[in-house]
Every structure is written in C-alpha cells, then in structure tokens.
Amino acid sequence: MVKRKTILIGASAIGLLLIGGALAAPILVDRSLNKVYPPLSKPVSRQALALHQRLWIADLHADSLLWQRDLNQANGRGHVDFPRLIQGNVALQAFSAVTKTPRHMNIDHNGSGTDNITALVIAQRLPPATWTSLLARATYQAQELHQLASRSGGKVTVIGSRAQLRNFITAREATPGLVAGWLTLEGAHALEGKLDNLDVLYRAGYRMAAPTHFFDTEIGGSQHGLHKGGLTPLGKQWLVAMEQRKMIVDLAHASSATIDDVLNLATRPVIVSHTGVRGTCDNGRNLSDAQLTKIAAQGGLVGIGFWSTAVCGKDVTAIARAIRYTVKLIGVEHVAYGSDFDGAVTTAIDAAGLPALTQALLDAGLSEAQIRRIAGENVRDFLLKNLPDDDA
C-alpha cells in the first residue's frame, strides 16, 4: 500500500511538473519565485557603509534550504548563499525548513489537502523517504545545512546552544566574516501528529518551531487556515514540550487565537520570525498593535519582513517605515530583521544588499545605537538567554 501510494504521489507530481511548462525545472521555479525588485533607493553613503561594517547582523528567517542550491557558491539565484551573507556582513542566519505548502497559497483561506513541496522534492531527486514524510523533509534539510557548513572551509558553522553561540561570537571577533546558521521549523505539521518526533527534530538541530504555516495543523490554527482556531489539546502539550527542551516558539503565521493561547500559557518569551505590522501595512498576514504589545510585554522579539505583503512597498524605505513604527510602539529591544529570504517572495534586497537597509534606517531617523540593536544585537542577546545550555 505504501509503495502504491508513493508511486501515485510521484506520478501526480511528475504530471504537475509537465503541466507547469516553463516552471518544470526546479531551478526555473526557484528563479521565478525568489526575486529582488529593481532598486528604487538612493546609493548607500560612506557613512552608512561604515556603520554597516560595524554591525553584528542577524536575520530570523530564510527558506534557502528548500531549493537545493550549493550555498557555498555565489550562484546568482534567489536571495541567500554564503558568499552573499559574507558580503552583507551577516553574522547569524536562521534557516527555516518548509515541509508542506498548499496549492494556490494565499494569506486568507487555505486547506491542508494539497501540497506543492512533494513535486519539488521529487523533481530535485531527494531521497524517496522525503516524498511522503514531512518529518523526513525536515531532517533532510537539517542534514543539508550541516553538510554545507562542513564544506565551507571554516567560514560557516551551525549553532544550537548558548555555548556554541558564545564560541562563535568569540571566533568572529578574531576573524570577521564568519557566519553561523541555526535551524528553525516552519510549521509543526512536520511532527506528523506525534510529539515524540520533537526529539527527532531536536537531535537534528532544530531550536525554534512554529505551530503552523499556511494551514491549520494538529497543533493549532493558522492565520491563513480554514478555521483559524487556537491551540488544540495536542498543541498545549506541544507548547509544554517545546519549553521543556528550551526550544523557541515562533508565532509567524499563527492565528489570532493561537497567538493568544500561546501568550497566555507560555513561560518563556516567543519570537515572530517574519511578519509585517498592520500599523503600516493593514492586512491579515500582519500583526496588530495589540498583538505586538502583548508579545513585547512577555519579552518577545518581532522580525520585520522584507517583502511587499509585509511592508506595503517594494523598497527598503518601506521596510524602514515598518521597523520605525514598531520601535515606537513596543521599544527598540523587541525589533529585529525577519527577511523571509527565499520564501517564494520578491524582496527589496538580497543578503548582499543589506547596506541599503542600513541607509534607509538612518534616513528614517534611527540612531546608530538603535540600528545596532535592530540589525542583530537583539537576536544575539535573545538567543544567549533562551537557547539550550548544552552543546548541541
């Protein structure tokens, strides 16, 4: 039965790829979905460039592992590879695993009955286990990051504990240009309904996970799902299990009810890895002032996205506007970058273009001290407090 199911899924995926015409090849899919808008902003000043090189930069969300690129090479596709992270002076990049997305994905109303990722993993010739198992897709992407780091010639490392982060910070002070990655999970559907699989993901290196992505899960409701409910009974157990392991809860894509449930029950601060704010871009994807205030009140961190649905604009000025609004509302210590690089979105910049955002933040009236916090020091300090103690 399993073999027959695999064959049927494979046949359906191949059929979809053939129908897709120009989008049939994964490389073409990658190129078509992960783009950068033409630059609309003014050139970066010497002042901004000098400041940018002094920053300790961290980004809370990139889906680059989904696309099976050799991130050690400057391949020109999408938004992220290791050379571009180094060029952009990025110290820490969160790499999130996407394991399932619905067809005709939108920000309002999605069911869980279809999946885009099955076709992609088959077309990319990933191991057969990933064709039918969301958990296998997550563990495969974790292995991929570790293998890429091991082939980076010492330029990239993967961190999963406070001790490893402290060691990386020390190493980067001695050798500027080093990059660390850490693993996050976009949607707890990768658990396949079994809390025991949280240990599998932890051993694979994951240290942050969201209850949902674009559809409701066994754990809780998505802001883009059919029912948009709160945490399920299993979801409440999941929250306890996450906190026992000192894994960080990510509320990006969570429904309003799920956000409220998590904040009412959590004993540790949460992250919203990539979002916009309704105060500058009013749509259902983004957080309200009330949600932002609650998250900050519990010590949380909000990553502002770089794509147009998040910020209602196609340039870094729109990103800076959202950041400035959020800083004024909840305080600079709760704001971070959450690009959504390589998340099937068009962004204002890629990783190498981050100096333009530094310029935009200066132009928005933010001080150097504020920019330092937003650009990465908030993430660094949050993880130094909230990652597990042990060496991962």
Salt bridge (charged side-chain N to carboxylate O under 4.0 Å, His left out) against K385, all qualifying residues, sequence neighbours excluded: none

Donor-acceptor contact present, side-chain D250 to main-chain I248, <3.5 Å: no

Q124 side chain vs V121 backbone, donor-acceptor pair below 3.5 Å: no

Intermediate values then yes/no, side-chain hydrogen bond (donor to acceptor under 3.5 Å, both in side chains), N286 and D282: CA-CA 7 Å; N286 296 337; D282 190 5; over 6 Å; no

Common cluster, V29/W131, ILVMFWY with side-chain heavy-atom separation under 4.5 Å: yes

Residues in salt bridge (charged side-chain N to carboxylate O under 4.0 Å, His left out) contact with D81, at least two apart in sequence or another chain: R84

Sidechain-backbone polar pair: N75 side chain, L71 backbone, donor-acceptor under 3.5 Å: no

Exercise: identify the closest heavy-atom pair between A204 and A142: O-CB, 3.5 Å

Polar side chain donor-acceptor pair, S222 to D216, under 3.5 angstrom: no

Under 3.5 Å donor-acceptor, R373 side chain and V332 backbone: no

Minimum side-chain heavy-atom gap M242-L198 below 4.5 Å: yes

Evaluation steps, side-chain hydrogen bond (donor to acceptor under 3.5 Å, both in side chains), between S133 and E192: CA-CA 8 Å; S133 169; E192 299 179 339; 3.0 Å; yes

Main-chain N/O of L148 paired to N72 side chain as donor or acceptor, under 3.5 Å: yes

N197 vs Y202, side-chain hydrogen bond (donor to acceptor under 3.5 Å, both in side chains): CA-CA, chis, key distance, verdict: CA-CA 9 Å; N197 284 334; Y202 187 94; over 6 Å; no

By ring-ring contact (aromatic ring centres under 6.0 Å, His included) - contacts of H334 (at least two apart): none

Any side-chain donor near an acceptor of the partner, Y337 and N378, under 3.5 Å: no

Qualifying salt bridge (Lys or Arg N to Asp or Glu O under 4.0 Å) pairs with a residue from residues 328-340, counting only residues at least two apart or across chains: none

Q223 side chain vs D108 backbone, donor-acceptor pair below 3.5 Å: no

Smallest separation among heavy atoms of A322 and I304, with atom names: CB-CG2, 3.8 Å

Polar side chain donor-acceptor pair, Q359 to H52, under 3.5 angstrom: no

Full working for side-chain contact (heavy atoms from CB on, under 4.5 Å) between R285 and T275: CA-CA 7 Å; R285 172 65 177 85; T275 187; 3.9 Å; yes

Set of residues satisfying salt bridge (charged side-chain N to carboxylate O under 4.0 Å, His left out) with respect to D199, sequence neighbours excluded: R245

Pairs touching residues 352-385 that satisfy disulfide bond (SG atoms under 2.5 Å apart), sequence neighbours left out: none

Cluster overlap L120 with M105, hydrophobic side-chain contacts below 4.5 Å: no

Pairs satisfying salt bridge (Lys or Arg N to Asp or Glu O under 4.0 Å), at least one member in residues 144-159, at least two apart: none

Quiz item: cation-pi between R77 and W67, 6.0 Å / 45°: no

Under 3.5 Å donor-acceptor, R207 side chain and I159 backbone: no

Side chain proximity check, L287 to R278, heavy atoms < 4.5 angstrom: no

Side-chain heavy atoms of Y325 within contact of D289, under 4.5 Å: yes

Check against side-chain contact (heavy atoms from CB on, under 4.5 Å), L85 and V80: CA-CA 7 Å; L85 289 174; V80 168; 4.0 Å; yes

Counterpart residues, ring-ring contact (aromatic ring centres under 6.0 Å, His included), relative to F82 (two or more places apart): none

K100 charged N/C atom sitting above F215 aromatic ring, 6.0 Å / 45°: yes

Pairwise salt bridge (Lys or Arg N to Asp or Glu O under 4.0 Å) hits with a residue in residues 359-372, at least two apart: K42-D363, R54-E368, E368-R372, R372-E377

Side-chain donor/acceptor of E243 to backbone N/O of L239, under 3.5 Å: no

Contact list for residues 252-272, test salt bridge (Lys or Arg N to Asp or Glu O under 4.0 Å), sequence neighbours left out: D260-K294

Greater than 12 external heavy atoms within 6.0 Å of I117's CD1: yes

Joint cluster assignment, V36 & L357, ILVMFWY side-chain distance < 4.5 Å: no

Exercise: identify the closest heavy-atom pair between P127 and T130: O-OG1, 2.6 Å

A91 versus F168, closest heavy-atom pair with distance: O-CZ, 3.3 Å

Residue Q47 excluded, over 12 heavy atoms near CD under 6.0 Å: no

Donor-acceptor contact below 3.5 Å, side chain N386 vs main chain F382: yes

Aromatic ring pairing H274/H253, orientation class (parallel under 30°, perpendicular over 60°, tilted between): perpendicular

Non-hydrogen atoms of L263 and Q298 that approach each other most closely: O-OE1, 3.0 Å

Disulfide bond (SG atoms under 2.5 Å apart) contacts touching residues 261-365 (sequence neighbours left out): C281-C312

Test salt bridge (charged side-chain N to carboxylate O under 4.0 Å, His left out) applied to D342 - qualifying residues, sequence neighbours left out: R69

Main-chain N/O of I219 paired with K236 side-chain donor or acceptor, under 3.5 Å: no

Donor-acceptor pair between D63 and H61 side chains, under 3.5 angstrom: yes

Donor-acceptor side-chain pairing of T232 and E218 below 3.5 angstrom: no

Check: L134 and R137 side chains under 4.5 Å, non-hydrogen atoms: yes

Minimum heavy-atom distance L185-A138, with the two atoms named: CD1-CB, 4.0 Å

Donor on one side chain, acceptor on other, N116 and T101, under 3.5 Å: yes

F306/H79 aromatic ring centres below 6.0 Å: no

Shared hydrophobic cluster for L329 and V335 (ILVMFWY, side-chain gaps under 4.5 Å): yes

Transitive ILVMFWY side-chain link W307 to I323, under 4.5 Å: no

